[in-house]
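When a ligand or atom number is given, it counts from 1 through the structure's own listing order.
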Amino acid sequence: MKVFYKLDEWLNFRKKNEFDLLGFVPTMGALHAGHLSLIQKSILDCNKTVVSIFVNPAQFNDPKDFLKYPKSLETDLKKLKDINVDYVLVPENSVLYADDYKYKVIETSLSKVLCGKNRPGHFDGVLTILMKLFHIVKPQKAYFGEKDYQQFLLVKEMVKAFFLDLDIISSSTIREEDGLAMSSRNQLLSPSEREKAATFHKILSQNRDKHHINEELQKNGFKVDYVEEFFSRRFSAVSIGSVRLIDNLEIS
Ligand code: PAF
């Protein structure tokens with residue numbers, strides 16, 4: 001496994017190497033089984049796989065949230081080595097954002113609802129960093145988890161809108177045994193909060209309308225950002241203490 005800490009080194013390397021099928025999994029680190037399953041999928045589908053680890057400041061509307069986002073580079077690299085990832089990119093913020101974030105990719109519709117409503121600017125940050133990374137890595141396939149379903153849809157539409165020659169592939173959400181969707185943020189939960197978090201998916205899965213689900217979540221001690229239904233899916237974001245959790249599932 002080759003780790004690139006300098007973006008310039010990667011760009012030089014990429015210029016000199018053509019790949020028949022290069023798979024890409026962008027991450028913000030703190031890797032869990034959800035990330036690893038996306039990476040395994042890329043390893044199976046593609047000749048070579050690149051993983052990026054970059055906690056993207058532009059997508060955090062709350063600076064405190066950015067500061068407390070879990071970071072575990074050493075452990076992440078070990079996990080990636082164990083599953084035989086080919087290349088890891090750990091790019092520098094100063095090089096990625098040499099323009100001071102003056103240039104942005106902005107979507108004006110889907111990015112304004114659900115998580116976009118409660119986190120202004122979040123999806124501008126996500127789409128901007130991904131546009132940069134797609135140009136830097138030049139993969140043929142990129143992999144995204146369905147836990148962030150709104151993100152997946154926005155990325156897929158952005159790729160279409162800008163005619164990028166890239167397949168966006170999604171994978172179903174990987175869950176803990178008690179149903180909680182795997183997320184890097186789960187490790188910020190205290191033991192009692194973690195116990196409560198398990199009821200999030202259970203309540204969301206109830207065959208009741210969204211208003212009932214919203215009330216039920218509140219009764220169970222969640223601060224509810226939203227429970228909404230779009231594209232035959234039910235989406236929700238809640239907080240327990242200062243930890244924000246999101247989930248979504250198919251509804252009939
Ligand atoms: O889903 C994430 O971890 C991030 O939004 C992503 C896609 C790596 C962009 O920073």
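Under a 4.0 Å criterion applied to the non-hydrogen atoms of Ile129, ligand 1 contributes the atoms 9 (C), 10 (O).
A ring-centre distance under 6.0 Å is not found for Phe66 and Tyr69.
Looking only at distances, no side-chain donor or acceptor of Asp148 sits under 3.5 Å from a matching main-chain atom of Gln151.
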Show me, pair by pair, the donor-acceptor contacts under 3.5 angstrom made by side chains of residues 6-16, not counting sequence neighbours?
from: Trp10; atom 1: NE1; to: Ile136; atom 2: O; distance (Å): 2.9
from: Arg14; atom 1: NE; to: Val137; atom 2: O; distance (Å): 2.8
from: Arg14; atom 1: NH1; to: Asn17; atom 2: O; distance (Å): 2.6
from: Arg14; atom 1: NH2; to: Lys138; atom 2: O; distance (Å): 2.9

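The list of ring-ring contact (aromatic ring centres under 6.0 Å, His included) pairs with a residue in residues 173-203, not counting sequence neighbours, reads Phe200-Phe222.
Closest to atom 3 (O) of ligand 1, if we only count protein heavy atoms, is Met28 CG, 3.7 Å. When only non-hydrogen protein atoms are considered, atom 2 (C) of ligand 1 lies nearest to Gln151 NE2, 3.9 Å.
By the 3.5 Å distance cut-off applied to N or O atoms, Gln59 is counted among the residues near ligand 1.
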